[in-house]
Amino acid sequence: MSIQLTLSTCAVRSWRTADVDSLARYADNRKIWINLRDAFPHPYTKRDAREYIRGVRLRLPETSFAIAVGEEAVGGVGFVLHQDVERVSAEIGYWLGEPFWGRGICTDALTAVTQHAIAAHGLTRIYAVPFAWNTASCRVLEKAGYVLEARLRRSAIKNDAITDQLQ
Ligand SMILES: CC(C)(COP(=O)(O)OP(=O)(O)OC[C@H]1O[C@@H](n2cnc3c(N)ncnc32)[C@H](O)[C@@H]1OP(=O)(O)O)[C@@H](O)C(=O)NCCC(=O)NCCS
C-alpha cells in the first residue's frame with residue numbers, strides 16, 4: 001500500500017525509483033547534513049540515493065516518505081517505530097532541499113505525517129530530538145503542535161562537537 005497525502009504546499013508520498021536524481025541533488029548539502037544523524041551521508045551521491053530508495057521500498061510497514069513539490073522529490077520525512085514496551089512511541093525526522101526552505105513546506109509535511117503515524121500505528125507519543133542550535137527545526141515542531149519537554153545535555157556528537165539536543 002503506497003501513501004499519497006496531498007497538502008497545500010506539497011505532497012507526501014512513497015519514494016519512487018525515479019526519485020534518485022532529485023534525492024541526490026537536494027540531499028547533497030552540508031547545511032542539511034550538519035543537522036541530521038551521521039547515517040545521512042555527506043557528500044550524498046547518486047549511489048547513496050539509489051541504495052536509500054531501494055532500502056525504503058523493501059521495508060514494511062512503510063515509515064519513510066518523500067516530500068514532493070509537483071513531481072519532484074525535494075525532501076524526506078520519516079519515523080522510527082520503537083519496540084517492546086515503547087511500541088506506542090516513535091521518533092520523527094525530516095529534511096527539505098534548501099531552495100524550498102521558508103515556504104511552510106516542512107510544517108505541512110510534519111503535521112500530516114504525525115497524524116498519519118499516530119492513526120496508522122496506534123501511537124500515543126511521537127517526538128523529535130533536534131540539535132539545540134537548530135532553531136528552524138524547533139520552530140517547525142512547535143508549529144506542528146509539538147511541545148518542548150527537555151534539554152538533553154551533551155547527549156550527541158556532530159561534526160566532532162558535543163551538543164545538547166532538545167526533546
Ligand atoms: C528545518 C527545515 C526542515 C525547515 O523546513 P521549512 O520548510 O523551511 O520550514 P517552514 O517553512 O515550515 O518553517 C520554518 C520556520 O522556522 C523559522 N526559521 C527559519 N530559520 C530560522 C532561524 N535561523 N532562526 C529562527 N527561526 C527560523 C521560519 O521563520 C519559520 O517559522 P515562521 O513560520 O514562524 O516564520 C529545513 O530548514 C531543513 O531541511 N533543514 C536541514 C535539516 C534539518 O534541520 N532537519 C531537521 C532535523 S531535527
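Remember, it's a predicted structure, so these values are computed and weren't measured experimentally. Indexing begins at 1, ligand by ligand and atom by atom, following the structure's order.
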Would you check if there is a donor-acceptor pair between the side chains of Y127 and E149 at a distance under 3.5 Å? no
Donor-acceptor side-chain pairing of S155 and Q165 below 3.5 angstrom: yes
Spacing of CZ belonging to R59 relative to CZ belonging to R54, to within rounding of 0.5 Å: 12.5 Å
Calculate, to the nearest 0.5 Å, the distance between atoms CD and CD1 belonging to E91 and I126 respectively.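 Result: 9.5 Å between the selected atoms.
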Less than 4.0 angstrom from a charged side-chain N to a carboxylate O is my criterion; do R13 and D19 meet it? yes
May I have a table of the N/O to N/O pairs between ligand 1 and the protein that fall below 3.5 Å, each row giving the two atom names and the distance to 0.1 Å?
| from | atom 1 | to | atom 2 | distance (Å) |
| --- | --- | --- | --- | --- |
| ligand 1 | 7 (O) | C106 | N | 2.9 |
| ligand 1 | 8 (O) | G102 | N | 2.7 |
| ligand 1 | 11 (O) | R103 | N | 3.4 |
| ligand 1 | 11 (O) | G104 | N | 2.7 |
| ligand 1 | 12 (O) | T107 | N | 3.1 |
| ligand 1 | 12 (O) | T107 | OG1 | 2.5 |
| ligand 1 | 13 (O) | K143 | NZ | 3.0 |
| ligand 1 | 33 (O) | K143 | NZ | 2.6 |
| ligand 1 | 34 (O) | R139 | NE | 2.7 |
| ligand 1 | 34 (O) | R139 | NH2 | 3.1 |
| ligand 1 | 39 (O) | L96 | N | 2.8 |
| ligand 1 | 39 (O) | L96 | O | 3.4 |
| ligand 1 | 44 (O) | N134 | ND2 | 2.7 |
| ligand 1 | 45 (N) | Y94 | O | 2.8 |

For the residue pair H121 and F79, does the interplanar ring angle fall in the parallel (under 30°), tilted (30 to 60°) or perpendicular (over 60°) class?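 Rings of H121 and F79: perpendicular, as their planes differ by over 60°.
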